Peer 1: 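Quick one: structure below, then a few questions.
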Amino acid sequence: LAGSPKVDLFAHLGGFGGKDANEAKGYLWKFVLAEEKKLLQDNVKLMAGDIASVKKVQVYRSYWQPMPCNETKCRCTGYTFFAKMRNCMDDIEAEEKTNGFTYDFVMRIRPDFEYFRAMPPIREWDRLRRDIVWSWIVTKRQSHPFEGGFSAPFLHKDLLPIEKVDFIDDNMVILPRQVAWKYFHVADGIEKCIPNIPPHTDFNLDQGCKAQKTVNRWSWNECQIEMVLRSVKDMSLTMGMMSDRGFLGRCNFLDCVFHQVCDYPWRRGRGDANHSQSVYLTTTPEQSHFPEAALQPVLV
């Protein structure tokens, strides 16, 4: 992203501590929570480097959620996660309103991802089509629904209309600005109570995660992401997949707690991970590129 006229970073991060980690309960917790926030702010600024401007770093307690959710009747899984996303979108919109502009793209990433390839160069972003949603993992529609695992018909380098894809994950996304509001406002639907029981029992690929006989994807966070993207009606969306080896490819969860040196995690392998190799943030990343089909023609 080096060379972009404007890259802003908004970080909404989950902190440590249960309900006992309350600043009102004494100096110790007040000191610890303040130090945690400062550490995260410093790390975010370090990672932003000279490329991005850090606009906000918000740290939440691990138990935080904006309002109670009735788990008996409603689907509450992921509520805290989605509520943080909504707050982040509020910050993005406030920045746009204050400065009188609109972002071209909104990218959501996880703070526990380590990237082994750099994002595509800015000249490709300038040509990037505004109808494509890039998700970390996308599978093609087939005769039965995606149930997990690494033998599925992944999209890889292909670009397909959203009607022709099945599974859309929630780990990372690049969104055209026009689509970002819906994606970041999944929490609105949860607060209106999404029923625990899927509304359809007969398998129908047109219903996506709403109707599964072989696997209950209705309870997955990814299902909520899929539903809001499929609800977009004012433009035709195309899906792209970032974890293809020809694109970002090598990307993994960091697991510094278990491995101390931020080795490849044993708990959730991803893509072409090499579990015997220790990788540090100082590793020089390879350059990635958007597929040519995702780029608008060069005007001469």
Side-chain angles (χ1 to χ4, degrees), residues 9-24 29 33 36-37 40 44 55-94 106-113 133 135-138 145-148 162 166-175 179-200 207-212 215-232 253 257 267-268:
L9 193 157
F10 303 83
H12 286 253
L13 307 172
F16 79 98
K19 295 182 179 179
D20 59 328
N22 191 322
E23 294 185 21
W29 276 124
L33 296 176
E36 178 197 39
K37 184 175 182 179
L40 289 173
V44 169
K55 295 297 181 178
K56 185 170 183 178
V57 178
Q58 178 71 42
V59 183
Y60 302 82
R61 300 279 57 80
S62 60
Y63 67 88
W64 175 85
Q65 62 181 33
M67 61 182 290
C69 186
N70 186 346
E71 296 184 6
T72 303
K73 297 181 179 180
C74 309
R75 186 203 177 283
C76 300
T77 306
Y79 178 36
T80 296
F81 160 65
F82 289 123
K84 293 175 190 173
M85 285 174 48
R86 182 175 59 190
N87 286 354
C88 187
M89 192 68 222
D90 289 345
D91 290 340
I92 291 171
E93 291 182 316
V106 177
M107 179 166 60
R108 188 189 71 79
I109 62 174
R110 290 176 52 144
D112 58 344
F113 264 17
V133 171
S135 186
W136 185 243
I137 297 174
V138 183
F146 175 74
E147 301 179 20
I162 193 170
D166 177 20
F167 175 76
I168 303 169
D169 89 324
D170 65 344
N171 279 311
M172 180 178 177
V173 71
I174 298 172
L175 297 159
V179 184
W181 191 93
K182 277 200 170 187
Y183 185 98
F184 277 76
H185 273 254
V186 171
D188 294 356
I190 295 177
E191 289 171 351
K192 294 176 183 177
C193 188
I194 299 172
N196 274 330
I197 302 174
H200 303 281
Q207 297 295 340
C209 63
K210 289 184 180 181
Q212 307 296 342
V215 61
N216 183 20
R217 266 176 31 199
W218 182 254
S219 63
W220 297 7
N221 285 350
E222 293 89 342
C223 180
Q224 311 310 313
I225 295 294
E226 178 191 329
M227 287 172 61
V228 296
L229 289 177
R230 294 188 190 280
S231 72
V232 174
F253 299 94
V257 175
R267 55 194 176 100
R268 293 186 70 180

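Note: hydrogens, waters and symmetry copies are ignored here, and every other heavy atom, side chains too, is used. Not measured: the values here are computed from a predicted model.
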Peer 1: For the CZ atom of Arg230 and the CD1 atom of Ile168, what is their distance to the nearest 0.5 Å?
Peer 2: 5.0 Å
Peer 1: Which pair of non-hydrogen atoms, one from Trp136 and one from Asp169, has the smallest distance, and what is that distance?
Peer 2: N-OD1, 3.2 Å
Peer 1: Lys182: which residues meet the side-chain hydrogen bond (donor to acceptor under 3.5 Å, both in side chains) condition with it, sequence neighbours left out?
Peer 2: Ser231
Peer 1: Apply side-chain hydrogen bond (donor to acceptor under 3.5 Å, both in side chains) to Glu191 and list each qualifying residue two or more places apart in sequence or on a separate chain.
Peer 2: Tyr79, Arg86
Peer 1: Let me know which of Leu9, Asp91, Val44 forms a side-chain contact (heavy atoms from CB on, under 4.5 Å) with Lys56.
Peer 2: Asp91
Peer 1: Any heavy-atom pair between the side chains of Tyr183 and Val106 that's under 4.5 Å?
Peer 2: no
Peer 1: Using the side-chain hydrogen bond (donor to acceptor under 3.5 Å, both in side chains) criterion, which residues pair with Trp181? Sequence neighbours excluded.
Peer 2: His185
Peer 1: Hey, are the side chains of Val186 and Asn221 touching, using non-hydrogen atoms and a 4.5 Å cut-off?
Peer 2: no
Peer 1: Within the structure provided, determine whether Tyr60 and Thr80 are in side-chain contact (heavy-atom separation under 4.5 Å).
Peer 2: no
Peer 1: Could you note down all residue pairs passing salt bridge (charged side-chain N to carboxylate O under 4.0 Å, His left out) where residues 69-83 supplies at least one of them, sequence neighbours left out?
Peer 2: none
Peer 1: Going by the rule disulfide bond (SG atoms under 2.5 Å apart), which residues pair with Cys88 if we only count those two or more places apart in sequence or in a different chain?
Peer 2: none
Peer 1: Name all residues meeting the salt bridge (Lys or Arg N to Asp or Glu O under 4.0 Å) criterion together with Lys84; count only those two or more places apart in sequence or in a different chain, and write none if there are none.
Peer 2: none
Peer 1: Please list, chain by chain and in numerical order, all residues satisfying ring pair (Phe, Tyr, Trp, His ring centres under 6.0 Å) with Phe81, sequence neighbours excluded.
Peer 2: none
Peer 1: I'd like to know if the two cysteines, Cys69 and Cys76, have SG atoms within less than 2.5 Å.
Peer 2: yes
Peer 1: Can you list the residues that meet the side-chain hydrogen bond (donor to acceptor under 3.5 Å, both in side chains) rule with Lys37, with sequence neighbours excluded?
Peer 2: none
Peer 1: What's the separation between atom CH2 in Trp220 and atom CD1 in Ile225, rounded to the nearest 0.5 Å?
Peer 2: 14.0 Å
